[in-house]
K.L.:
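Here's a structure for you.
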Amino acid sequence: MIVREVEKLPRGARVLDGAVGLGQLAQKMQQRGYRVVGIDYAFDAALAAKRNGIASIVGDLTRMPFRDAAFDGVTTGETLEHLDDDAAAAREIARVVKKGGRCVATVPALRSLWSKSDDYYEHRRRYSRRELRALFEERFAIEKAKFWGFPIVLTYDTLFLLPMNKRRSRKSVDEDAALQSIARVGKKRALVSIVRAVFAFDKLFEWLPFGPGLLLVARKI
């Protein structure tokens with residue numbers, strides 16, 4: 001979903017991915033011809049991304065060590081909800097993006113959907129569409145702010161991911177045979193392709209003002 005929006009930038013564009021995590025999203029963008037730089041607050045994450053071929057640094061998304069207008073685009077997937085000062089991060093994103101550049105962000109949506117998964121992931125908040133737009137609209141023209149993930153992702157999160165997170169909070173993967181089995185299954189490409197196809201069913205419901213996630217696409221003005 002994020003990559004599809006990034007692909008509206010010309011090939012060779014310089015894109016910042018924050019927070020880069022293990023670099024999976026950054027790798028997909030790099031494979032499509034973009035020059036990707038990663039930033040992450042966690043040293044281990046930045047190091048892992050670098051080992052996966054992504055130029056990455058340790059840094060704070062609210063105080064980034066980049067010059068003004070250094071990037072053609074910024075991606076930030078499921079990150080803003082973890083920050084104490086998400087408004088500062090939005091200002092920094094605006095600062096490092098060139099005029100006409102793009103910001104693509106995803107966040108968890110709707111306070112009414114708060115669950116123990118949010119506690120597990122140490123989320124500070126879930127967003128309404130109005131709240132997410134308000135973070136960026138002073139410096140960006142909002143091209144898209146839409147809900148996603150209903151009904152399949154929401155069902156998956158409720159019936160599978162939340163129980164697994166509860167289990168992971170009690171035991172490590174190394175000492176839990178069930179978690180080890182799930183990890184092995186997750187490496188089967190054929191099964192992953194099937195699951196991805198099932199998740200695509202959610203596209204039929206993107207017109208609804210409801211879903212567990214929000215996608216924002218904005219252009220720097």
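Below, all heavy atoms of this structure are taken into account, side chains as well, without hydrogens, waters or symmetry copies.
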K.L.:
Taking all non-hydrogen atoms of both residues into account, name the closest pair between Arg102 and Glu143 and its distance.
P.N.:
NH1-OE1, 2.8 Å

K.L.:
Going by the side-chain contact (heavy atoms from CB on, under 4.5 Å) test, name the single residue among Thr158, Leu159, Asp157 that passes it with Leu161.
P.N.:
Asp157

K.L.:
Looking at Glu138 and Arg91, is there a salt bridge between them, counting it only when a charged N and a carboxylate O are closer than 4.0 Å?
P.N.:
no

K.L.:
For a 4.5 angstrom cut-off between non-hydrogen side-chain atoms, does Val74 reach Val104?
P.N.:
no

K.L.:
For the backbone of Ile54 and the side chain of Ser56, can you confirm whether one donor and one acceptor N or O come within less than 3.5 Å of each other?
P.N.:
yes

K.L.:
Are Leu132 and Ile2 linked, directly or through other ILVMFWY residues, by side chains that come within less than 4.5 angstrom of each other?
P.N.:
yes

K.L.:
Mind listing the closest non-hydrogen atom pair of Ile57 and Ala46 along with its distance?
P.N.:
O-CB, 3.8 Å

K.L.:
Parallel under 30°, tilted from 30 to 60°, perpendicular over 60°: which one fits the rings of Tyr121 and His123?
P.N.:
parallel

K.L.:
Is there a donor-acceptor contact under 3.5 Å from the side chain of Lys98 to the main chain of Ala70?
P.N.:
no

K.L.:
Kindly compute the distance separating CG (Leu61) from CG (Asp40), expressed to the nearest 0.5 Å.
P.N.:
9.0 Å

K.L.:
Hey, is the main chain of Ser115 close enough, under 3.5 Å, to the side chain of Asp118 for a donor-acceptor pair?
P.N.:
yes

K.L.:
Hey, mind stepping through Trp114 and Asp119 against side chain to side chain contact (heavy atoms under 4.5 Å, CB included) and telling me if it holds?
P.N.:
CA-CA 8 Å; Trp114 189 277; Asp119 296 325; 3.2 Å; yes

K.L.:
Show the nearest heavy-atom pair for residues Ala109 and Arg126, with the distance to one decimal.
P.N.:
O-NE, 2.8 Å

K.L.:
Dump the intermediate steps for side chain to side chain contact (heavy atoms under 4.5 Å, CB included) on Tyr34 and Gln30, then the final yes or no.
P.N.:
CA-CA 5 Å; Tyr34 295 98; Gln30 190 164 269; over 6 Å; no

K.L.:
Can you confirm whether Phe71 sits close enough to Val15 that some side-chain heavy atom of one is under 4.5 Å from a side-chain heavy atom of the other?
P.N.:
no

K.L.:
So, Asp85 versus Thr62: side-chain donor-acceptor pair below 3.5 Å or not?
P.N.:
no

K.L.:
Would you say that Asp17 contacts Val20 through its side chain, given a criterion of any heavy-atom pair below 4.5 Å between the two side chains?
P.N.:
yes

K.L.:
Calculate, to the nearest 0.5 Å, the distance between atoms NZ and CG belonging to Lys187 and Leu191 respectively.
P.N.:
14.0 Å

K.L.:
Just wondering, are more than 12 heavy atoms of other shown residues or ligands nearer than 6.0 Å to NZ in Lys8?
P.N.:
yes

K.L.:
Less than 4.0 angstrom from a charged side-chain N to a carboxylate O is my criterion; do Asp176 and Arg170 meet it?
P.N.:
no

K.L.:
Could you tell me whether Arg63 and Asp60 have a side-chain N and a carboxylate O separated by less than 4.0 Å?
P.N.:
yes

K.L.:
For the residue pair Phe205 and Phe210, is the inter-centroid distance of their aromatic rings smaller than 6.0 Å?
P.N.:
no

K.L.:
Could you tell me whether Arg124 and Glu81 have a side-chain N and a carboxylate O separated by less than 4.0 Å?
P.N.:
no

K.L.:
Compare every heavy atom of Cys103 with every heavy atom of Phe136, then report the nearest pair and how far apart it is.
P.N.:
CE2-SG, 3.8 Å

K.L.:
With the 4.5 Å side-chain cut-off for hydrophobic clustering, are Ile142 and Met1 part of the same group?
P.N.:
yes

K.L.:
Between Arg129 and Phe147, does a side chain to side chain contact (heavy atoms under 4.5 Å, CB included) hold up when you go through it step by step?
P.N.:
CA-CA 8 Å; Arg129 180 155 51 190; Phe147 290 93; 3.9 Å; yes

K.L.:
Taking the side chain as everything from C-beta on, heavy atoms only, tell me whether Phe140 gets closer than 4.5 Å to Ile221.
P.N.:
no

K.L.:
Looking only at heavy atoms, which two atoms of Arg125 and Asp84 are closest? And how far apart?
P.N.:
NH2-O, 3.5 Å

K.L.:
Any side-chain heavy-atom pair from Asp68 and Val96 closer than 4.5 angstrom?
P.N.:
no

K.L.:
Test your reading of the model: is there a side-chain donor-acceptor pair from Arg219 to the backbone of Ala141, 3.5 Å cut-off?
P.N.:
no

K.L.:
Could you check if a side-chain atom of Phe66 sits within less than 4.5 angstrom of a side-chain atom of Ile39, using non-hydrogen atoms only?
P.N.:
yes

K.L.:
Look at Glu92 together with Arg95 and state whether they make a salt bridge at an N to O cut-off of under 4.0 Å.
P.N.:
yes

K.L.:
Would a distance-only check, ignoring hydrogens and angles, find a side-chain to backbone donor-acceptor pair under 3.5 Å from Thr106 to Leu214?
P.N.:
no

K.L.:
Is it true that atom CZ of Arg189 has more than 12 heavy atoms of other residues, nucleotides or ligands lying nearer than 6.0 Å?
P.N.:
no

K.L.:
Does Ile182 share a hydrophobic cluster with Val192, counting links as ILVMFWY side-chain heavy atoms below 4.5 Å and allowing steps through other members?
P.N.:
no

K.L.:
Tell me, do Asp202 and Trp148 make a side-chain contact under 4.5 Å, heavy atoms counted?
P.N.:
no

K.L.:
Decide whether Arg196 and Ser193 meet the rule of one side-chain donor and one side-chain acceptor closer than 3.5 Å.
P.N.:
no

K.L.:
Counting only heavy atoms not in Glu122, do more than 12 sit closer than 6.0 Å to its CD atom?
P.N.:
no

K.L.:
Between Glu131 and Arg111, does any NZ, NE, NH1 or NH2 come within less than 4.0 Å of an OD or OE carboxylate oxygen?
P.N.:
yes

K.L.:
With a 4.5 Å heavy-atom cut-off, do Leu135 and Tyr127 have their side chains touching?
P.N.:
yes

K.L.:
Might you point out which heavy atoms bring Ala89 and Leu83 nearest each other, and give the distance in Å?
P.N.:
CB-CD1, 3.5 Å

K.L.:
Is there a donor-acceptor pair closer than 3.5 Å between any side-chain N or O of Gln27 and the backbone N or O of Gly53?
P.N.:
no

K.L.:
Please say whether more than 12 non-hydrogen atoms of neighbouring residues, nucleotides or ligands are located less than 6.0 Å from OH in Tyr120.
P.N.:
yes

K.L.:
With the 4.5 Å side-chain cut-off for hydrophobic clustering, are Phe199 and Leu215 part of the same group?
P.N.:
yes

K.L.:
Residues sharing Val58's hydrophobic cluster, by side-chain heavy-atom contacts under 4.5 Å among ILVMFWY, directly or via others?
P.N.:
Phe43, Leu47

K.L.:
Give the intermediate values and the outcome of salt bridge (Lys or Arg N to Asp or Glu O under 4.0 Å) for residues Asp72 and Arg14.
P.N.:
CA-CA 5 Å; Asp72 301 292; Arg14 195 163 187 245; over 6 Å; no

K.L.:
With clusters defined by side-chain heavy atoms of hydrophobic residues (ILVMFWY) lying less than 4.5 Å apart, directly or transitively, does Val195 cluster with Met164?
P.N.:
yes

